[in-house]
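This report concerns only the one structure given below.
Each ligand, and each atom within it, is numbered from 1 in the order the structure gives. The first residue of the sequence shown is numbered 1, and numbering continues consecutively from there.
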Amino acid sequence: MPSFDTLPLKKPLKEALKRLEYTKMTPIQASSLPIILENKDCIAQAATGSGKTLSFGLGVLERINPKSFGVQSLILCPTRELAEQVAKVIRSLASEIGNIKVLTLCGGVPMRGQLHSLKHGAHIVVGTPGRVLKLLQMDAFDPAQIQTVVLDEADQMIDMGFIEDITSIFGFTPTDRQTLLFSATFPDSIQVITSELMRNPIQLTSNTPISKPKIEEIAYLCNKKLPAIAQILHLHAISNTIIFCNTKIDANALCEDLNQLGIHALTLHGDMEQFDRNEAIIQFRNLSAPILVATDVAGRGIDIEDLDAIINYEVPIQNERYTHRIGRTGRAGKNGIAITLVNSYQYDRFMELNRSITPQELPETDDFSALETLMRTICIDAGKKEKLRPGDIVGALIHECGLSKEEIGKIDQFDHLSYVAVPRAKAENIYQKFVKRPIKGKTFRKWLLN
Ligand code: ADP
Ligand code: MG
């Protein structure tokens, strides 16, 4: 694959790519970027994990005029998590340009803060369709300068019933805009957008990326699924996995059942408050919970790397969902396994998925050693806005609580909150010492999450 150097990108973007250690383009980047940089409309279909974010991120940033304060680009995503993730990637790509404001506007967060931020101006808005439309209808920002509109994970947005909101949003944007559409699958329903809202779009598919990760698919026939989970975790030496359920109710129930079995699990679904969703993802990523029990909507688009495996607790109702679910594993060039549990009622449904495998009997094991949870999370009631730095947290844990640097896990920070993972076995003890100690002379509140 060609390198990013072959592209006509401005210097700060090339520098950012170098700093982020991206050298060679992925196949979808190599095919879409030359077109995107010519300001043409583009439809790009490529599997999850193929690097679509960088394609539109670079395209959008190349056109941004930092000196002009008005929303110049609008990126629509299906979920808040995905919007936050896209915003993060764009901010890091923009870091060498300086003074580019990227604002996320998503539902489920109070509108007041968003209105306030919009008053200060933003170059790029990343948001979910419902909230973006509401803010446009309230005249909260001026869309007249928008030059690029991006639909990320378009299939999922349509799946979630956002089509009308999206169409209305387009009504607010200038007709000479550039429209970019990204999707992992390409259902017929997308054509409403591509034929009516895009101008001579160039359609690209990247179905065989060179570095395509190998996903080994396995289906097990079992009528008692809960005990099968423990067995499968052991059999495949899985230490970190997402288990997909078809409904929120199933996800909650399975999570409770797993916890009763002593398997530490957290749920992630669309009905949860933003705050709880963030906390679940943070605890999953920092190894404080080895299992995330998720529904399709919540599980989509989140770039969780190093996933050994995903497990389908139920056979998905739609074929596309199966593709998306298994795309969670084997990301960024790593191999993964995707396991589906099939009971006798679901056998025919599984066969309709048209995979090249047939459900097999689950091999017997007699070792049911519990899945170990390595870390536990401490939450601190202060974040970036309080100028609490990761180094301050590390320093306090080393000097006040006797931890060594190597023992300290991932640190995640928000404006007013920080999370740090510490070894689970020592967590209570560390917390007792940590809770009373000031950090940088201030006593912040702290919680030990479960
Ligand atoms: P998609 O949106 O297609 O599902 P993402 O944009 O989330 O995929 O990218 C998936 C992963 O691949 C991310 O971790 C990203 O950092 C990585 N990635 C993207 N482009 C490149 C590249 N050119 N070289 C190496 N890694 C890349
Ligand atoms: Mg993506």
Practice task
Look at atom NZ of Lys101 and say whether more than 12 heavy atoms of other residues, nucleotides or ligands are closer to it than 6.0 Å.
Solution key: no
Practice task
For the residue pair His123 and Phe69, categorise the inter-ring angle as parallel (less than 30°), tilted (30 to 60°) or perpendicular (more than 60°).
Solution key: tilted
Exercise for the section: Give a yes/no verdict on whether any heavy atom in Ala47 is under 4.0 Å from an atom of ligand 1. Expected result: yes
Problem - Proximal ligand 1 atoms for Lys52, defined as those under 4.0 Å from one of its heavy atoms - result: 1 (P), 2 (O), 3 (O), 4 (O), 6 (O), 8 (O)
Practice task
Consider ligand 1: state whether an atom of it lies below 4.0 angstrom from any non-hydrogen atom of Phe182.
Solution key: no
Handout entry: Pair Arg285 + Asp412: basic N to acidic O under 4.0 Å
Key = no
Exercise for the section: Using a strict 4.0 Å cut-off to heavy atoms of Ser50, name the atoms of ligand 1 that fall inside it. Expected result: 1 (P), 3 (O), 8 (O)
Problem - Gln85 N/O under 3.5 Å from ligand 1 N/O - result: no
Fill in the blank from the handout: Near Phe4 (heavy-atom distance under 4.0 Å), the atoms of ligand 1 are 23 (N)
Exercise for the section: Output the list of atoms in ligand 1 that are nearer than 4.0 Å to some heavy atom of Thr53, sorted by atom number. Expected result: 2 (O), 5 (P), 6 (O), 7 (O)
Completion exercise
Under 4.0 Å from one or more heavy atoms of Leu54, ligand 1 contributes atoms 20 (N)
Practice task
Determine yes or no for a side-chain-to-main-chain donor-acceptor pair under 3.5 angstrom, with Lys225 supplying the side chain and Tyr313 the backbone.
Solution key: yes
Handout entry: Carboxylate-amine/guanidinium proximity below 4.0 Å for Glu372 and Arg424
Key = no
Problem - Which segment of Lys24 sits under 4.0 Å of ligand 1 when only heavy atoms are counted - result: backbone
Problem - Sequence-distant partners of Lys11, salt bridge (Lys or Arg N to Asp or Glu O under 4.0 Å), two or more places apart - result: Glu15
Practice task
Provide the number and element of each atom of ligand 1 under 4.0 Å from a heavy atom of Tyr22.
Solution key: 15 (C), 16 (O), 18 (N), 21 (C), 22 (C), 24 (N), 25 (C), 26 (N), 27 (C)
Could you list the donor-acceptor pairs under 3.5 angstrom formed by side chains in residues 350-358, with sequence neighbours left out?
{"from": "Glu352", "atom 1": "OE1", "to": "Arg349", "atom 2": "NH1", "distance (Å)": "3.0"}
{"from": "Arg355", "atom 1": "NE", "to": "Glu217", "atom 2": "OE1", "distance (Å)": "2.8"}
{"from": "Arg355", "atom 1": "NH2", "to": "Glu217", "atom 2": "OE2", "distance (Å)": "2.9"}

Handout entry: Validation row: Phe186, Gln203 side chains within 4.5 angstrom (heavy atoms)
Key = yes
Handout entry: Residue-ligand contact Gly49/ligand 1, heavy atom below 4.0 Å
Key = yes
